Protein chains: 2
Amino acid sequence: MHFAESSASERRYLPPAVAVSTVAFALHPPEGAAAGAPDAGAPAEGRETTAAGSVTLWIPLVRRTRPPFEGRWALPGGPTQWDETLVDTASRTLHDAVLRPPGYLEQLYAFGSVERSAEAQRLVTIGYWALYGERDLAAPPSAPAGQGAGAPVGRTPVAAPSRGGGAPGPRWDDVPPQSGPRQEGSGGPPGENDPNVAWFSADRLPRLAFDHVDIVEYALWRLRRKTEYSAVAHRFLGPVFTLAQLRSVHEAILGNRVDPANFRRQALAQGHLVDTGAVETGTRHRPARLFRFRAEPEDAPRPDR
Amino acid sequence: MHFAESSASERRYLPPAVAVSTVAFALHPPEGAAAGAPDAGAPAEGRETTAAGSVTLWIPLVRRTRPPFEGRWALPGGPTQWDETLVDTASRTLHDAVLRPPGYLEQLYAFGSVERSAEAQRLVTIGYWALYGERDLAAPPSAPAGQGAGAPVGRTPVAAPSRGGGAPGPRWDDVPPQSGPRQEGSGGPPGENDPNVAWFSADRLPRLAFDHVDIVEYALWRLRRKTEYSAVAHRFLGPVFTLAQLRSVHEAILGNRVDPANFRRQALAQGHLVDTGAVETGTRHRPARLFRFRAEPEDAPRPDR
DNA sequence: CGAATAGTGTCTGTTAGACACTATCGC
DNA sequence: GCGATAGTGTCTAACAGACACTATTCG
């Protein structure tokens, strides 16, 4: 790389580095992945339920192995490479941490602060948010994307448009300018149990590096807004699901109880759900009908193309 | 500049250049500014009204003076400088074209395409949208921000948060990597009548360079969404205004008629409007009450900080 | 049958939209 | 008074939220 040799004072004048940070959500960590406790570095027993029996959102984090913020947990991410689009970068860095491609990926906001520009290269960070559904987590872990200018991660299953208002992200800061392709938390060998990658419950996050808390905050806000006016919740579930499941996803996202009767009516009124005719089995009460989702035309001008 | 000497083939491996493009809206061009006709390069008589007597939105454009797309009109914009935040860049480049700071400025979407990377340096473009109110247009033109690393344009009156969903912009492409600070359409001397800057009616735009049409499209969509759930329309007007004026702004943005009675109720119900007690004068019918806007707490996590 | 959840019916309060009607100005 | 727009009242249909009630399964 050309710039390796430029001194710190010279780096001030370099063009800004472009990096990506992604907040990914899932209803629970993938099978076999580490579930982090708030402040312990070590995994803890954690599954998808909380006190009240309601579902929570989980977020994958990566532990930084070098300054600044060495040892702190941070969002998966890293610098863009010359042959990658921004989504590709998000996808690749996320894959490096989670070992699976997300089911949904959407841009959040671009933040270009000038902070610390006297000491380090200027940095522009593009925040993304992603979503892992049951389907996605079930997929067996695949090898990290790896080196250099290789093709961006195979299939980025969903590179989606968006609609809500754009918003902020904090300045990124990871990865020294023009460092190698693998991002921060990759000291050890890859594999499902990399000690530097863990999933945390969204309401019990450890202290994060940089202003990653703000990105998470914003991503959550966006996710909530989006579940209100759009159909995203179903993406957390498998191909077929009951209305109760869908509702509990809504409850997890919005953080409050939702009336089953009213939810049912609204959900069905949207016209997105198709009754498969099949019913749930294995319950010890009246089985619920299974629905699947019917894709419908987006109404937003499509950003990513 | 370090990179001036790097060859085209070397540039492929440079970090992406970061540029900004801004879609600015106003109810009419500033006094004395050129109003462009759809395809003529020359100004045409144009004021704020259209066929049906309704108001239209106007957008400032800059004519490119070098390839690619030489001669075409494009959005104001340019590359970020090492000491500028993204908003600053938007603000500065917009100021260079319009000679006034906007009343509102918000990020739209970041687009990082890899297209043409084989021939030119990789480019990441951050789209912004801005708004000039009466107040802002009334301000006398000030000199362009000018050279090098000078302080970013004095006051960027409003660097605002946002809420809607993020969305797309096309790849930018202007300005050769690391070119001088002044952007594209600045061949001639500055001043209110730079032949390479003109305002166009949003529904009669000329052919634009790059995919700037898409950015405009998206900005319009965002503006519409935002007027629906938030209070932005008032920013197009002066400090006090009648409900009829506010309504006609809504009509201009949404593109359809709005019932005066219902609009009034809704507008007042929001609680943002304060009756000043004063009334309109100079009409030849019953004068309307004048209102002013009362700022209220935002509910979106604030992105820009 | 009892526990438990699925699914339906109904009532109430709020709101968007349509539109008739009254008020108040200049002339 | 007339023309014109400001501003109010009212009716209707749609809808969200609360909640009672019925249906269907397991054990």
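In what follows, chains carry the letters A, B, and so on, assigned in the order in which the sequence lines appear, proteins first and then strands, with residues in each chain numbered from 1. Small disclaimer: the values here were computed from a predicted structure and weren't measured.
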State, to the nearest 10°, the angle formed by the axis through the first five base pairs of the helix from C/dC1-D/dG27 to C/dC27-D/dG1 and the axis through its last five. 10°
Send over the distance from [X] [atom1] to [N] [atom2], rounded to a whole Å.
X      : N      : atom1 : atom2 : value
A/E280 : D/dT24 : CD    : P     : 17 Å
A/L246 : C/dG7  : CG    : C1'   : 16 Å
A/F291 : C/dG7  : CZ    : C1'   : 10 Å
B/L254 : C/dA16 : CG    : P     : 14 Å
A/F241 : C/dA6  : CZ    : C1'   : 16 Å
A/E228 : D/dA16 : CD    : P     : 12 Å
A/L268 : C/dG9  : CG    : P     : 13 Å
A/R247 : C/dG7  : CZ    : C1'   : 11 Å

Please tell me whether A/E134 and A/H28 have a donor and an acceptor in their side chains that are separated by less than 3.5 angstrom. yes
Strictly by side-chain hydrogen bond (donor to acceptor under 3.5 Å, both in side chains), give each pair with a member in residues 277-290 of chain B just once, sequence neighbours left out. B/D275-B/R289
Residues which pass side-chain contact (heavy atoms from CB on, under 4.5 Å) with [X], listed by chain and number, not counting sequence neighbours:
X      : result
B/A138 : none
A/R224 : A/L220, A/I253, A/L254
B/A26  : B/Y132, B/L137, B/W199

Look at the rings of B/H250 and B/F263 and say which category their plane angle falls in: under 30° parallel, 30 to 60° tilted, over 60° perpendicular. perpendicular
Approximate separation, where rounding is to 0.5 Å, of A/H272 NE2 and A/R292 CZ: 13.5 Å
Determine whether a donor-acceptor pair (N or O, by modelled atom type, separation under 3.5 Å) exists between the side chain of A/N262 and the backbone of A/D259. no
Test item: B/S230 side-chain N/O and B/T227 main-chain N/O as donor-acceptor pair under 3.5 Å: no
Look at the side-chain N and O atoms of B/R264 and state whether any lies under 4.0 Å from the OP1 or OP2 oxygen of D/dT8. yes
Could you run through nucleotides 17-27 of chain C and give me one letter per nucleotide, 5' to 3': B if any protein heavy atom sits under 4.0 Å from the base, S if only the sugar-phosphate is that close, - if neither? BBB---BBBS-
